[in-house]
Structure formats: structure tokens, C-alpha cells
Amino acid sequence: MNLEKIIAHKAVSVFNKLYEQTLENNVLQITKTKKEFNGDYTIVLFPLLRYARKSPQQVGEELGAELKKNDNLFSDYEIVSGYLNISIDNSYWLDFVSEASQNPDYGMSLENENKQKIVIEFSSPNTNKPQHLGHIRNNFLGDSLSRILKANGHDVVKVNLVNDRGIHICKSMLAWEKWGDGTTPKSENRKGDHFVGDYYVLFNKMYKKDVEQLIEEEGYTEKEAEKESPLLQEAKKMLRKWERKNKKVRELWQNMNSWVFDGFDKTYADLGIEFDKTYLESETYLEGKAIVLTNMKRGRVEVANDDSVFVDLEADGLDKKILLRSDGTSVYMTQDLGTAIIRYEDYSFDKHIYVVGNEQDYHFKVLKIVLGKFGYEWSKNLEHFSYGMVELPDGKMKSREGKVVDADDLLAEMKKTAMQKTDELGKLDGLSDDEKNEIIRKISLAALKYFILKVDPKKNMTFNPAESIDFNGNTGPFIQYTYARINSLVRKAEELSINFGEQKLDNINLQDIEKQLIKTIYEFQNVVVDAGKNYSPAFIANYIYNLSKEYNRFYHDLPIFKENDEEIKNFRLKLSKLVGDIIKTALYLLGIEVPARM
RNA sequence: GGCCCUAUAGUUCAAUGGAUAGAACACAAGUUUCCUAAACUUGCGAUAUAGGUUCGAUUCCUAUUGGGGCUACCA
């Protein structure tokens, strides 16, 4: 039980006794005391006044005095304009430091009585183009959320769903067939996913010309032209051939997909992302089709005049949704229906989380309802973790037009900047190239991951490619640097054979900044829980920045090895080590590694 | 047209309905005989507008305006 609850509990029972009331626990509001006031926790007195029928000053005085009298947890109290600020006795904080220092998993609650089996799907790239900044946010959020849920004691399965079939894939294929001249990624020395992506962009360029021509020369409206374009018709024909398992088309498809997968493997390795299982839509989409047909027999879906199959959701306040095209091929929804069912057969999950952008809010709403209509009880356990788009200063990224910030390019750019910065500062002089590169890798990836994850996932975020991502201030490297400093202290202590871990913490007089640090350390366990409840890696990021900032102030203001008092010196080392451990754990939850030095 | 999300310093981000709205970057000025200056300290500067609920609103509700998204045969 955490301190806030303990205090609230005690305060309520004291209050009830004082004023002969029967308050519920949730009437009493308790918060952490703001830094500019004395005290650790604050009870807001306003809501209590109507029960006590006294002034804030009186209630605060009586409540504070009674709490302090009966319990040595409380060392002091003070009333400031309607707020009762309570101080916790130092011995409580010191005991906490000793305890946390001995727990290597401090912050993680790996035993959870409400343990759930959670399947989390993220990344979900298409094989017609390389990944861009939008995918990066998806990958980082999915990976970090998995780690956070695990830290909350859940059984987490990370799955990737690769969309390796469909009209968009055929577009790349068709363009390559038409204009590729038999070239390969190898012959052109181009990463496979980029190679294929080039043809996707090329298709769209030619398609646009096609459409313009139809409008100008044949007098079509824009809509008609878009539909009637010969190029698009050809791609559709290819998709039908693909669904009929046409040998030539399938061979081409296999080939181009394998190029893309080679590229993706490299990108995932660079990003430090792994999956427990990868599903391919080409292997699951038929299940979706089968389900739709079964439910057609049962009369749960409708068939239009042109033979397309749809479900009418107007009763649920939504529109009609197509499930099979008039030519019998599957749409996105069809696939997701099938995939969900297979997923449940595979894992019998308690919860299934889709990490997908908020542009698909409607899609997942429909998916859930349709599965419910089809009689799948577990559809209520599907959750859409909807995150905001990454926008460029001049608007949304459009991969059709090639207007994107490419994932691989961005990583390379980050590395270059990190290397340049490091050389300027002369930080890693004297290390071997391998050691140096490894540290640079960690720093540049941290800068990128932190930049993305510190933002509330629900919100859209802006990325300006013209301004490179910072390495100073509220950044990943800043936090890594704090860790590296601490690591250096610990190393030195070992060299000097100082065994600070054994230090008993009894009568240490805490400086303000030390106490503040301990309180922040204490918060970590709550932050991990909240981050799990709210699906928000940003909670962890903001927390760890704050902790690092406070530690740097402590490090700057107070002597450690130069402290004469042995007990205090050992205490400060112990505190430092604890902060270092928490930084490491917290960064781990964001998928960020720590360098031993930097 | 309908539905959903969103609006905080010059910029990028914070703030379970609680105290004087926090940071970072940028800008201006300081701190290295001292454990890593990728650090620390100081200054400048913001809740779109109009109502409402409340002891108290950046937070909840309504309207307006701006931005983004979705709206059955793209995924």
C-alpha cells in the first residue's frame, strides 16, 4: 500500500472520530505537497468543511494535531490557506531507501494477482514500402507498452501483423513488372524495402498522370477517372489473379516480399524491436472471408445488388460497412476479422491491444461491433490503443507521394549528429572504434526514442526534419548522461573499496535536495502502475527526466567523495546508486539502453 | 452534411478539479584550482473566444473560431 493511501486512511479515521462523521475514503483529497511549501503530503481542507462545520484553519489545526499525536509517522504539520501540509518522519524515508536499495527489481510489480494474458499487436507494416516516422512511433509505443505491462506483472505476447497482400502490394508489383527492367535490390545496391517502395511511388506517379489524361482527353470527372484508370484496373486484375493463386503473380509476389522482409529485419534490428510472433495476412485473410460467408448464411450480413457483401450498422449509430467487394475480394476489415479470430484461437487472451493510429478509430469501433454481432463473446476484450499522428511542419506525411521522413534515413542522421557532437566534446577520446560506435548507437537511439515517447501518445506530434533532435535538455542523452555520471561514482567507490551498501541509515540529517530525491524515488512504483493503467510511456519519460534533473542538482550542490563524514558519504553513494538503478529500469521500460560512460 | 480528436510561452512538450500553470529549445547573463560543463544557476515569456457548473476550472459542460482525422468496394 502506498503512502498516500495510508495517510488518507489514517486521516479519515481521525477525522471521523473528531467530528463524529462517517466519511468515505474518497472524500478526502490528498496530494504531494508543492515544493515551495514545507511538508510531504497535503490534505485539501475545503471538501471537509461542510462535514466539520468549522473554518479551514480550525479543521487543519485539529486534524494535524491529532494525527501527529497518535502516530510517529508524522513529524510535523502546517496549515497554509486551506491546505494541511504534513511532514513524514525522516526515519520512514531512510528505511525506504534501505529497502529499495536491496530490491533489484524496485519499481516493478512482477507478481500481480490480477495477472492477465495480453496480446499486443504493433508495427503492422505493409510490404509495399519502407517504414517511416509514423511506423517509428508505432514501434516505440508498442514495444514500450509491452515492457510496461510486463513490469506490472502481466503475461505479454508481442505480435506483428505484416500486411503482405492486397491492392497496394499489387501496385508496387505492377510498377516493377512494367518499368523494373529485371533489376533487384542487389543489382541496384538498394535496401530491399526501399527498392520496392520506389516502385510504389512510381506507380502513384504514373497513376496520377493516367487520371489527368482521362480528365483532359476523355472529359471524365475526377472520380470517374480515378476509378477507370487503366493502370488501376490492371492492379486490380493482378489482385484477382493473386487471390486465384496465379503462379506467375505469386512468384513475383514472393520475390518482392522477400526483398522487403530483408529490409524490415535490418530496420527492426536497428530499432531494437523484437516480436514473439509474426503473422502474415496472406496466411490469415481467407479465414476472414470464410467467417463473412458463414455469417452470410446465418443472415447476419447483407448482399447488395452487385454481389458485394456488407453489414448495416446504422442501428449502432454507424454506417454500412463493406466486408467483401463486388468481385469477391477481401477488404481490410475482412482480414482483421479473420486475424482476430485466429489470434483468439492461438492465445485465449484476456485482453488484445491493437497499437494503431487514431485515423483508424472508426475501423476498430466497427471491428469490435461486427465481431460481437458474429457472436464472439471475447470481442469486448479488444482494445484499440489509439495514438496521434506524426505531422511534419507542412502537414501529414504521404507515402504515396514519397513525402515522408524515412525511418532508416532518420536513424542514420541521428547517428551522424551524435558522432559529431561527441567528437566536438571529446567525450569518448581514447576508446576503441568499436566501443565508441556502440556508445554512439545507444545515445542516438535514446535521443530518438525519448523524443517520441515523452509525448502523450494520444496527441498528434510535430516533427521538424530541419531541426535535428536535441541532445541537451529534456532528452534521452541527458538522462543517459546522468546515469553515466552515477556509474562513474560507483566505479570509483569500488576502486577505493568503499562498501557503501552496508551502511545503516539511522540518524542522518537530510538536506532538502536529498529528501526531495528520496520522495521522487518513492514515486517510481506508482508511476509504473499509472503508466500501465493509462498506456502511457510518457509518464515514465516525464518521471525519469524529473528524477535526473533532481539528481544533477544534488550532484552539483553536495559533495560525495569529498564529504568528511563517512556515514553521510556512504549514504550519498547509496542514494546515487539507487537513482542509477532506477534510471536504468525506467529507460528499459522505454526500450532505451544505458551506456556505462559517455 | 454527420461523427471523432485537438487548441497552453517565439517553437516543441508538461500539469488525478486544488496553492504563484511546470520544463526544454531559442534568446540574454553567470558557474570549471572541486566526484564527467551532454551539467548547474539567473532572467524573458503562455491557458483561442464567450458563457455555464463549482468554495475553487488549463482540466468538466455548451456555443463559436482555428487545426487534424474518419465517413461501405485504400490499408
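What you are looking at is a predicted structure, and each value in this text was computed from that prediction instead of being measured. Residue numbers begin at 1 in each chain, while the letters A, B, ... track the order of the sequences.
Under the 3.5 Å distance criterion, with hydrogens and angles disregarded, a donor-acceptor pair is assigned to the side chains of A:Thr42 and A:Thr33. Side-chain contact, A:Thr482 with A:Asn552: a donor N or O sits under 3.5 Å from an acceptor N or O. Counting only N and O atoms by type, the side chains of A:Ser497 and A:Glu494 include no donor and acceptor under 3.5 Å apart. Between the side chains of A:Tyr77 and A:Asn85, no donor-acceptor pair is found at a separation under 3.5 Å. For the residue pair A:Asn460 / A:Glu391, a side-chain donor-acceptor distance below 3.5 Å is found, with atom types taken as modelled. A:Asp361 and A:Ser386 form a side-chain donor-acceptor contact under 3.5 Å, judged by distance and modelled atom types alone.
Taking CZ of A:Arg572 as the start and CD1 of A:Ile568 as the end, the distance is 5.5 Å to the nearest 0.5 Å. Note that the CD1 atom of A:Ile592 and the NZ atom of A:Lys584 stand 14.5 Å from one another [nearest 0.5 Å].
Taking the six-membered ring where the residue is Trp, A:Tyr555 and A:Tyr551 present tilted rings, their angle falling between 30° and 60°. Ring geometry for A:Tyr545 against A:Phe478 counts as tilted: the plane angle lies between 30° and 60°, on a 0 to 90° scale.
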Tabulate atom names and distances for all N/O pairs under 3.5 angstrom spanning the protein and nucleotides 7-9 of chain B.
none

Distances under 3.5 Å between nitrogen or oxygen atoms of protein and nucleotides 18-20 of chain B:
| unit_1 | atom_1 | unit_2 | atom_2 | d |
| --- | --- | --- | --- | --- |
| B:rG18 | O2' | A:Tyr83 | OH | 2.7 |
| B:rG18 | N7 | A:Gln29 | OE1 | 2.8 |
| B:rA19 | OP2 | A:Lys34 | NZ | 3.2 |
| B:rA19 | O4' | A:Tyr83 | OH | 3.4 |
| B:rA19 | N6 | A:Thr42 | OG1 | 2.7 |
| B:rA19 | N6 | A:Asn85 | OD1 | 3.2 |
| B:rA19 | N1 | A:Asn85 | OD1 | 3.3 |
| B:rA19 | N1 | A:Asn85 | ND2 | 3.4 |

What does the list of N/O pairs under 3.5 Å between the protein and nucleotides 24-27 of chain B look like, with a distance for each?
| unit_1 | atom_1 | unit_2 | atom_2 | d |
| --- | --- | --- | --- | --- |
| B:rA24 | OP1 | A:Lys549 | NZ | 3.2 |
| B:rA24 | O2' | A:Asn474 | N | 3.4 |

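If you check every strand for non-hydrogen atoms under 4.0 Å, A:Leu496 touches nothing. The residue A:Phe451 sits apart from the nucleic acid: no heavy atom pair falls under 4.0 Å. Among the protein residues, A:Ile560 comes within range of the nucleic acid bases, having at least one heavy atom under 4.0 Å from a base atom. As judged by a 4.0 angstrom heavy-atom cut-off over every strand, A:Arg597 is placed among the base-contacting residues. At a threshold of 4.0 angstrom between heavy atoms, the contacts of A:Met389 with the nucleic acid are absent. Residue A:Leu84 is out of contact with every strand shown, counting any heavy-atom pair closer than 4.0 Å. Heavy atoms of A:Ala538 sit nowhere under 4.0 angstrom from any nucleic acid atom. Residue-level contact check: A:Tyr332 touches the bases, meaning some heavy atom is under 4.0 Å from a base atom.
The same atom, P, is picked in B:rG2 and in B:rU64; the two are 10 Å apart, to the nearest Å. Straight-line distance between the P atoms of B:rA7 and B:rU49: roughly 14 Å, to the nearest whole Å. Comparing the P positions of B:rG22 and B:rU16 gives an interatomic distance of 14 Å, to the nearest angstrom. The gap from the P atom of B:rU58 to that of B:rU53 amounts to 16 Å, rounded to the nearest Å. B:rC44 sits 14 Å from B:rA21 when the P atoms are compared, rounded to a whole Å. Of the P atoms belonging to B:rU8 and B:rA14, the separation is 11 Å, rounded to the nearest Å. Distance noted for atom C1' between B:rC60 and B:rG68: 23 Å (whole Å). Atom name C1', nucleotides B:rU32 and B:rA38: the rounded distance is 15 Å, in whole Å.
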For RNA chain B, produce a single dot-bracket line, 5' to 3'. Pairs: Watson-Crick or G-U wobble, both distances under 3.5 Å. Symbols: ( ) within strand, [ ] crossing, | other strand, . unpaired. (((((((..((((....[...)))).(((((.......)))))....(((((..]....))))))))))))....
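Among residues two or more places apart in sequence or in another chain, the side chain to side chain donor-acceptor pair (under 3.5 Å) test is passed with A:Asn126 by none. Applying the side-chain contact (heavy atoms from CB on, under 4.5 Å) criterion to A:Phe364, with sequence neighbours excluded, gives A:Tyr332, A:Asp336, A:Tyr354, A:Val356, A:Gln360, A:Leu367, A:His384. Every residue meeting the ring-ring contact (aromatic ring centres under 6.0 Å, His included) condition with A:Trp242, not counting sequence neighbours, appears here in chain and number order: A:Trp253, A:Tyr285. For A:Phe471, there are no ring-ring contact (aromatic ring centres under 6.0 Å, His included) partners two or more places apart in sequence or in a different chain. A:Ser229 pairs by the side chain to side chain donor-acceptor pair (under 3.5 Å) definition with A:Asp210, not counting sequence neighbours.
Going from atom NE2 of A:His556 over to atom P of B:rC34 covers 13 Å, rounded to whole Å. Taking atom CZ on A:Phe364 and atom P on B:rG69, their separation rounds to 19 Å, with Å as the unit. Computed from coordinates, the A:Met419 CE to B:rA38 P distance equals 17 Å when rounded to whole Å. Rounded to whole Å, atom C1' of B:rC34 lies 13 Å from atom CG of A:Asp557. Atoms CD (A:Glu391) and C1' (B:rU11) sit 15 Å apart, rounded to a whole Å. One can place CD1 of A:Ile469 at 14 Å from P of B:rU12, the figure rounded to the nearest angstrom.
Within the 4.5 Å cutoff, side-chain heavy atoms of A:Lys533 are placed close to those of A:Val529.
Close to B:rU36, at under 4.0 Å from its OP1 or OP2, lies a side-chain N or O of A:Ser488. An OP1 or OP2 oxygen of B:rU36 is reached within less than 4.0 angstrom by no side-chain nitrogen or oxygen of A:Tyr481. At the phosphate of B:rA37, OP1 or OP2 sits under 4.0 Å from a side-chain N or O atom of A:Arg485.
Pairs engaging residues 445-459 of chain A under the side-chain hydrogen bond (donor to acceptor under 3.5 Å, both in side chains) rule: A:Tyr450-A:Asn474 [sequence neighbours left out]. Screening residues 301-310 of chain A for side-chain hydrogen bond (donor to acceptor under 3.5 Å, both in side chains) gives A:Asp306-A:Ser308 as the qualifying pairs, with residues at least two apart or on separate chains.
Across the interface with RNA chain B, nearest-nucleotide mapping of A:Phe463 and A:Glu550 shows A:Phe463 to be the residue nearer the 5′ end. Along RNA chain B, the nucleotide nearest to A:Leu232 and the one nearest to A:Tyr362 differ in position, and the one closer to the 5' end is contacted by A:Tyr362.
Between A:Tyr83 and A:Phe46, the distance from one ring center to the other falls under 6.0 angstrom.
If you check residues 316-329 of chain A against RNA chain B, the residues with a heavy atom closer than 4.0 Å are A:Asp319, A:Lys320, A:Lys321, A:Ile322, A:Arg325, A:Ser326, listed by number.
With a glycosidic angle no further than 90° from 0, B:rU32 counts as syn.
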